[in-house]
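Here's the structure, in structure tokens; my notes come after.
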Amino acid sequence: MLLIAQQELAGSAASAIDLGYCQLWLARAALLAGDVEAAARQAEEIATRHPAALNLVADARLLVADTLRARQQMQAAAEVRTTTGEQLEQMKAPGRASRAFADSAAELEECGEVEASIRAYQRAMSVGDLASY
């Protein structure tokens, strides 16, 4: 269905951002299907192709973190989430930033990085609306 949607978007007056989001959903589908490499490749391509679309880039970077997590690279995933959380915080998206920091904290905890995990959880609480959890 996503491939059909992508073809229809490509043949319409849809913006490049709309096509980027469609590609992002295709990358998420690839990750769910177990094709981690394709998902990572597509997410990186999206972030590179649309640098001015800050929300799309943030979503793509969070998908990159998901692919790192799928490869059991928790430290790297946490770093990507933290960087993306900082960008989201600057974009005035506190709920999304908080979620990125909280997910980073969970990954750091899995790595045994207790102190870093605590700092990340504290950051999640300081930037986000706790009611969003």
Side-chain angles (χ1 to χ4, degrees):
M1 288 175 55
L2 285 169
L3 291 172
I4 292 168
Q6 184 180 43
Q7 289 174 345
E8 289 179 5
L9 285 169
S12 73
S15 71
I17 304 305
D18 292 330
L19 285 164
Y21 272 106
C22 186
Q23 184 180 4
L24 182 68
W25 282 104
L26 283 165
R28 286 182 177 148
L31 180 60
L32 289 172
D35 194 348
V36 178
E37 297 306 318
R41 194 172 44 256
Q42 288 180 39
E44 290 288 354
E45 182 181 315
I46 293 163
T48 301
R49 185 181 296 160
H50 304 283
L54 300 180
N55 281 309
L56 178 58
V57 169
D59 288 339
R61 298 300 300 153
L62 291 172
L63 181 58
V64 167
D66 291 342
T67 65
L68 290 166
R69 182 179 185 78
R71 293 184 198 129
Q72 299 299 309
Q73 296 175 354
M74 301 304 190
Q75 187 76 33
E79 290 171 12
V80 170
R81 287 189 207 285
T82 297
T83 301
T84 305
E86 291 166 350
Q87 292 166 347
L88 288 165
E89 188 177 13
Q90 290 175 352
M91 292 167 49
K92 307 291 187 229
R96 293 177 67 206
S98 181
R99 171 54 57 199
F101 290 128
D103 289 347
S104 175
E107 288 159 349
L108 289 166
E109 190 174 347
E110 286 184 46
C111 294
E113 300 283 339
V114 177
E115 293 299 319
S117 176
I118 290 169
R119 286 191 302 276
Y121 278 124
Q122 289 170 334
R123 184 112 185 243
M125 289 187 294
S126 72
V127 299
D129 176 12
L130 297 180
S132 67
Y133 290 104

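Along the sequence shown, residues are numbered consecutively beginning with 1.
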Do any N or O atoms from the side chain of [X] and from the backbone of [Y] form a donor-acceptor pair under 3.5 angstrom?
| X | Y | value |
| --- | --- | --- |
| E107 | A78 | yes |
| T83 | E79 | yes |
| T84 | R81 | no |

### Query
Passes side chain to side chain contact (heavy atoms under 4.5 Å, CB included), Y21 versus N55? Steps please.
CA-CA 10 Å; Y21 272 106; N55 281 309; 3.6 Å; yes
Report yes if some heavy atom in the side chain of [X] is under 4.5 Å from a heavy atom in the side chain of [Y]; otherwise report no.
| X | Y | answer |
| --- | --- | --- |
| R61 | E44 | yes |
| M125 | R123 | no |
| L56 | R49 | no |
| L68 | M74 | no |
| F101 | L88 | no |
| V36 | R71 | yes |

### Message
With a 4.0 Å cut-off on N to O distance, would you call D59 and R96 a salt bridge?
### Response
yes
### Message
Is there a side chain to side chain contact (heavy atoms under 4.5 Å, CB included) between R99 and L62? Walk through the geometry before answering.
### Response
CA-CA 10 Å; R99 171 54 57 199; L62 291 172; over 6 Å; no
